[in-house]
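Note: hydrogens, waters and symmetry copies are ignored here, and every other heavy atom, side chains too, is used. As the structure is a computational prediction, the values presented were derived from the model and not from experiment.
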Amino acid sequence: MTDEQRETGTKTKYDIQYQGKSGWHSIFGTKREQVAYNDLAYRHKPGEGLTWNLPVTADGLTGTFENAAANYHVCGPLEPGTYRFVYWGIMSEKLENRGYGLGRSFTVSGE
C-alpha cells in the first residue's frame, strides 16, 4: 500500500501460465496471429487498483476471455501442477515507465 497515486496499464494485460519442464507457458490461445496491447496508463488513487473475476469450475477455467488484444480461450483442461496469474501492466519509473510483471502462483490438485 502507498499514500501516493499509482499508474498501471490496462486491465487486460494478464496471463495465466503453467510451469512446465522448460519454464512458464500460457494456458490461453487465440485465433489472432499476433496479440497487440496498447500503452495506455490508468491512475489509481491510494488504496485502489484492479480486480479480476475469472470463471472457474471443478474442471478448470472456462469460457472466452475478452480483452482489447485478443479473444483468449483456454487451450485444454488444466492438469494438476503449479500455475500463476501474471499481470504485465505494473508501471515503474525505475524501469523507465516500462511495464513489468506481478504474479501469484497457485496449485491445481487432482482431487
Side-chain angles (χ1 to χ4, degrees):
M1 288 289 219
T2 179
D3 292 334
E4 298 176 16
Q5 181 173 276
R6 297 290 187 194
E7 291 183 347
T8 67
T10 63
K11 184 177 178 177
T12 60
K13 290 184 172 183
Y14 71 85
D15 195 5
I16 297 177
Q17 302 171 337
Y18 68 92
Q19 188 172 30
K21 292 179 182 177
S22 61
W24 293 99
H25 307 278
S26 180
I27 68 165
F28 292 124
T30 181
K31 292 181 181 179
R32 291 189 177 187
E33 285 186 34
Q34 185 169 350
V35 177
Y37 292 102
N38 58 43
D39 283 335
L40 296 175
Y42 294 93
R43 289 194 175 106
H44 302 279
K45 293 179 183 177
E48 293 183 354
L50 301 171
T51 59
W52 291 264
N53 294 308
L54 303 174
V56 179
T57 68
D59 296 324
L61 290 165
T62 60
T64 298
F65 301 85
E66 302 282 339
N67 69 36
N71 289 331
Y72 286 136
H73 60 275
V74 178
C75 292
L78 300 184
E79 299 294 330
T82 302
Y83 291 79
R84 68 180 181 180
F85 175 91
V86 183
Y87 175 62
W88 300 104
I90 302 297
M91 308 298 283
S92 172
E93 291 178 16
K94 293 179 182 177
L95 295 174
E96 301 171 6
N97 285 327
R98 291 179 292 168
Y100 64 96
L102 174 68
R104 174 74 172 157
S105 63
F106 59 96
T107 301
V108 172
S109 67
E111 299 175 7

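Taking each heavy atom of Gln17 and Trp24 in turn, the nearest pair found is OE1-CB, 3.5 Å.
When the side-chain contact (heavy atoms from CB on, under 4.5 Å) test is applied to Leu102, the partners found at least two apart in sequence or on another chain are Ile90. In this structure, the side chain to side chain donor-acceptor pair (under 3.5 Å) partners of Ser26, at least two apart in sequence or on a different chain, are Asp15. Residues forming a salt bridge (Lys or Arg N to Asp or Glu O under 4.0 Å) with Arg104 (at least two apart in sequence, or on another chain): none. Take Tyr18 and apply the side-chain contact (heavy atoms from CB on, under 4.5 Å) test, not counting sequence neighbours, and it matches His25, Ile27, Tyr83.
His44 has its side chain within reach of Leu50: a pair of non-hydrogen atoms, C-beta onward, lies under 4.5 Å apart.
Of the inter-residue distances, the one linking Tyr87 atom OH with Trp52 atom CH2 reads 5.5 Å to the nearest 0.5 angstrom.
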